[in-house]
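Each remark here refers to the structure printed beneath this line.
FYI, side chains are in, hydrogens and waters are out, and symmetry mates aren't considered; it's all heavy atoms of this structure.
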Amino acid sequence: IVQRILQHICRLINEVAAGVLKAIGGKENVSSVDYCATRLRFTIKDYTAVDEKAVKAAGAAGVIRPDKTTCQVIIGTKVQFVYDELKKML
């Protein structure tokens, strides 16, 4: 049972990572990505390709756009796990 629960959690984290990546314009729109305590921090190529509603629908709490080349996606305390999955997709 524990293994099935872990597999389910991994699948959910993967879905969040894939959904966020798609919502910010796909891997083609990502120059770089890093993370802090609760956020994924993207450097992006096309500011207009980011769909904030889709980012939230993917499981993020919100989006912050400090400037036209930076996008921060608020994930919460599971950010490191989402980041690890996201890096595999880039």
Side-chain angles (χ1 to χ4, degrees):
I1 288 180
V2 173
Q3 186 164 355
R4 276 193 276 159
I5 292 170
L6 290 174
Q7 288 173 339
H8 180 70
I9 292 169
C10 289
R11 193 168 39 254
L12 291 175
I13 289 171
N14 183 278
E15 289 172 9
V16 170
V20 167
L21 183 59
K22 182 178 179 183
I24 63 160
K27 66 181 181 178
E28 300 79 19
N29 197 36
V30 177
S31 295
S32 65
V33 64
D34 204 352
Y35 70 97
C36 66
T38 60
R39 300 177 187 172
L40 292 170
R41 298 174 177 260
F42 292 94
T43 303
I44 54 174
K45 299 173 186 172
D46 181 5
Y47 187 76
T48 64
V50 177
D51 181 345
E52 290 189 32
K53 287 182 183 178
V55 172
K56 289 179 183 177
V63 178
I64 299 171
R65 299 201 211 198
D67 58 49
K68 291 190 183 269
T69 61
T70 307
C71 176
Q72 298 176 8
V73 177
I74 303 166
I75 298 293
T77 56
K78 64 183 181 287
V79 68
Q80 181 180 354
F81 304 109
V82 175
Y83 172 82
D84 290 343
E85 287 301 308
L86 186 69
K87 285 297 282 186
K88 295 175 190 176
M89 298 173 190
L90 295 174

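The CG atom of D84 sits 11.0 Å away from the CE atom of M89 when rounded to the nearest 0.5 Å. Atoms CZ and CD1, from F42 and I24 in turn, are 3.5 Å apart once rounded to the nearest 0.5 Å. Taking SG of C10 as the start and CD of Q3 as the end, the distance is 10.0 Å to the nearest 0.5 Å. The CD atom of Q80 sits 13.0 Å away from atom CG of L86, with the distance rounded to the nearest 0.5 Å.
Here the shortest heavy-atom pairing between K56 and G62 reads CE-CA, 3.8 Å. What you find for V82 and I75 is that their closest heavy atoms are CG2-CG2, 3.9 Å. Closest approach of A17 and E85 over heavy atoms only: CB-CB, 3.8 Å. Scanning all heavy atoms of the two residues, the minimum distance from L40 to Y35 falls at CD2-CB, 4.2 Å. Nearest heavy-atom pair, A58 versus G19, reported as atom, atom and distance to 0.1 Å: CB-C, 3.5 Å.
At a threshold of 4.5 Å between side-chain heavy atoms, the hydrophobic network of Ile, Leu, Val, Met, Phe, Trp and Tyr places V16 and L12 in two separate groups.
A donor-acceptor pair shorter than 3.5 Å can be found between the side chains of T43 and S32.
I74 is not listed as a side-chain neighbour of V63, based on a closest heavy-atom distance of 4.5 Å or more. In this structure, E52 and R65 have side chains that are in contact, with non-hydrogen atoms separated by less than 4.5 Å. Two residues are said to be in side-chain contact when any heavy atoms from C-beta on lie closer than 4.5 Å; T38 and V79 fail this criterion. The shortest side-chain heavy-atom distance between T70 and D67 falls under the 4.5 Å cut-off.
Checking side-chain atoms of R11 against main-chain N and O of L6 turns up no donor-acceptor pair under 3.5 Å. Proximity of a side-chain donor or acceptor of D34 to a complementary backbone N or O of R41 within less than 3.5 Å is not detected.
The side-chain contact (heavy atoms from CB on, under 4.5 Å) test with C71 singles out one residue from V33, V30, V55, I44, and that residue is I44.
More than 12 heavy-atom neighbours from other residues, nucleotides or ligands sit within 6.0 angstrom of NZ on K45.
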